[in-house]
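A short write-up of the structure that comes next.
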Amino acid sequence: MGEKHSTHQAPPARTACSDSEDEEESAMNKRALNIKENKEMLAKLLAELNKVPKLLPGKRMAKTDASRVTSGTMGSLETPDCLTPLLTRSRSQVNGPSSLPPEEDNEDKFSLVHKSPYYEEDDKPPRRRSYNRPNTILHVVRPVEEITEVELQRICYNVREKVYNSSTGSTCHQCRQKTSDTKTNSRNSECMGVRGQFCGPCLRNRYGEEVRDALLNPESRCPPCRGICNCSFCQAREGRCATGVLVYLAKHHGFDNVHAYLKSLKKEMEEESCK
């Protein structure tokens, strides 16, 4: 009998090229699985965060209608309340008073006038700064006779009239802006530095006084010398909080200046404490 030839053939040997293709395919499958798991985890986290909207202040911005953005122009975007910029002194000068109604009183309506519970009175007199350094501007008392008509004409009566000049301008003690308009001059010889300088809008809105009257009064004293200054520095020195842009709230309550409004709050607080 002749030999039977086997029909079974051995599988072809795997080449290095086929092994690399299998490894690459396995890596791609593993990468796709990782991406899928990451997306599922991210979706789960976002679902949890959406339950607490305060943690995502910009969430409402993402829902802005895309149709508002046209070719070359952008429509007005709706800004959420939590992203509305605060009304600061510089913004009020550019944008004017806020169109929003005055904010409601806080739980403690006397927070602007009462002293902080963490503030401790010191029996020692406050330490005065040394003004003997050569670069320090000393306070110069100018008599009424030295005030010229040109200086009186340069008094600023509106915030929009102020011209900022960092090189030759004078600094207002209240707003601390260096502008070229005429400021007040305290006739108190014990006044320090530029503490007695107030611009027209600040003196009127914060204290109900006029720069012209102060310059022509030989006995005029600045608000810090009279102990009524309500700037942030003087408020902090007395342990009180800064008042900020308070003139609009003061006018809302029927007062034409911040000092009168704070004075009424202080009087009301003292009356309630006596009850």
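Given the structure is predicted, the values throughout are model-derived calculations rather than measurements.
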Q: Scan for ring pair (Phe, Tyr, Trp, His ring centres under 6.0 Å) pairs involving residues 172-196, sequence neighbours excluded, and state none if there are none.
A: H173-F198
Q | E40 CD: over 12 foreign heavy atoms closer than 6.0 Å | A | yes
**Q.** Minimum-distance pair of heavy atoms, taken over all atoms of T184 and G196
**A.** OG1-O, 2.8 Å
**Q.** Spacing of CD belonging to E271 relative to CD belonging to E268, to within rounding of 0.5 Å
**A.** 7.5 Å
Q) Which residues pass the salt bridge (charged side-chain N to carboxylate O under 4.0 Å, His left out) test with E146, sequence neighbours left out? A) R142
Q) In chain order, what residues pass the side-chain contact (heavy atoms from CB on, under 4.5 Å) check against R154, with sequence neighbours excluded? A) V150, T182
Q. Of all heavy-atom pairs between L246 and T243, which one has the smallest distance, and what is that distance?
A. CB-O, 3.8 Å
Q) What distance separates L42 CG from I35 CD1, expressed to the nearest 0.5 Å? A) 13.0 Å
**Q.** Y207 side chain vs N230 backbone, donor-acceptor pair below 3.5 Å
**A.** yes
Q. Shortest non-hydrogen contact from C229 to Q174?
A. SG-OE1, 4.3 Å
Q: Carefully, step by step, assess N185 and L215 under the rule side chain to side chain contact (heavy atoms under 4.5 Å, CB included).
A: CA-CA 6 Å; N185 178 258; L215 289 176; 4.3 Å; yes
Q: Evaluate the side chain to side chain contact (heavy atoms under 4.5 Å, CB included) criterion for residues L262 and F255: first the C-alpha distance (whole Å), next the side-chain angles of each, then the deciding distance (0.1 Å), finally the verdict.
A: CA-CA 10 Å; L262 294 177; F255 300 91; over 6 Å; no
Q) Quick one: SG on C199 to CD1 on I155, what's the gap to the nearest 0.5 Å? A) 11.5 Å
Q. Applying the 4.5 Å side-chain criterion to the ILVMFWY set and letting contacts propagate, would V245 and V258 be lumped into a single cluster?
A. yes
Q: Taking the side chain as every heavy atom from C-beta outward, state whether T148 and Q153 have any pair of such atoms under 4.5 Å apart.
A: no
Q. When you check the side-chain N and O atoms of T179 and K162, is any donor under 3.5 Å from an acceptor?
A. no
(Q) Rounded at 0.5 Å granularity, tell me how far OG in S232 sits from CZ in R176. (A) 3.5 Å
Q: Answer yes if I228 and M269 sit in the same cluster of Ile, Leu, Val, Met, Phe, Trp and Tyr residues linked by side chain heavy atoms under 4.5 Å apart, and no otherwise.
A: no
Q: Determine, stepwise, if the pair E238 / K266 fulfils salt bridge (charged side-chain N to carboxylate O under 4.0 Å, His left out).
A: CA-CA 14 Å; E238 296 180 3; K266 187 175 181 179; over 6 Å; no
(Q) Would you say CD of E37 has more than 12 non-hydrogen atoms from neighbouring residues, nucleotides or ligands within 6.0 angstrom? (A) yes
Q. Shortest non-hydrogen contact from K178 to T171?
A. CG-OG1, 3.8 Å
Q: Would you check, one step at a time, whether the test side chain to side chain contact (heavy atoms under 4.5 Å, CB included) holds for K251 with N205?
A: CA-CA 10 Å; K251 290 183 178 180; N205 293 332; 4.3 Å; yes
Q: Could you grab the distance from atom CZ of R240 to atom SG of C234, nearest 0.5 Å is fine?
A: 11.5 Å
Q. Can you name the side-chain contact (heavy atoms from CB on, under 4.5 Å) partners of L216, sequence neighbours left out?
A. V144, L152, R212
Q: Starting at OG of S186, measure out to CZ of R221 and round the result to the nearest 0.5 Å.
A: 6.5 Å
Q. Taking only residues two or more places apart in sequence or in another chain, which ones pass side-chain contact (heavy atoms from CB on, under 4.5 Å) with S166?
A. none
Q) Hey, quick one: are V141 and I147 part of the same hydrophobic cluster, counting side-chain heavy atoms closer than 4.5 Å, chains of contacts allowed? A) no
Q.
side chain to side chain contact (heavy atoms under 4.5 Å, CB included), that's the test. Do R195 and C225 meet it? Break it down for me.
A. CA-CA 9 Å; R195 195 180 68 173; C225 291; 3.2 Å; yes
Q. With a 4.5 Å limit on heavy-atom distance, are the side chains of V247 and R206 in contact?
A. no
**Q.** side-chain contact (heavy atoms from CB on, under 4.5 Å) partners for D213, two or more places apart
**A.** E210
Q. Between the main-chain N or O of C222 and the side-chain N or O of R187, is there a donor-acceptor pair closer than 3.5 Å?
A. no
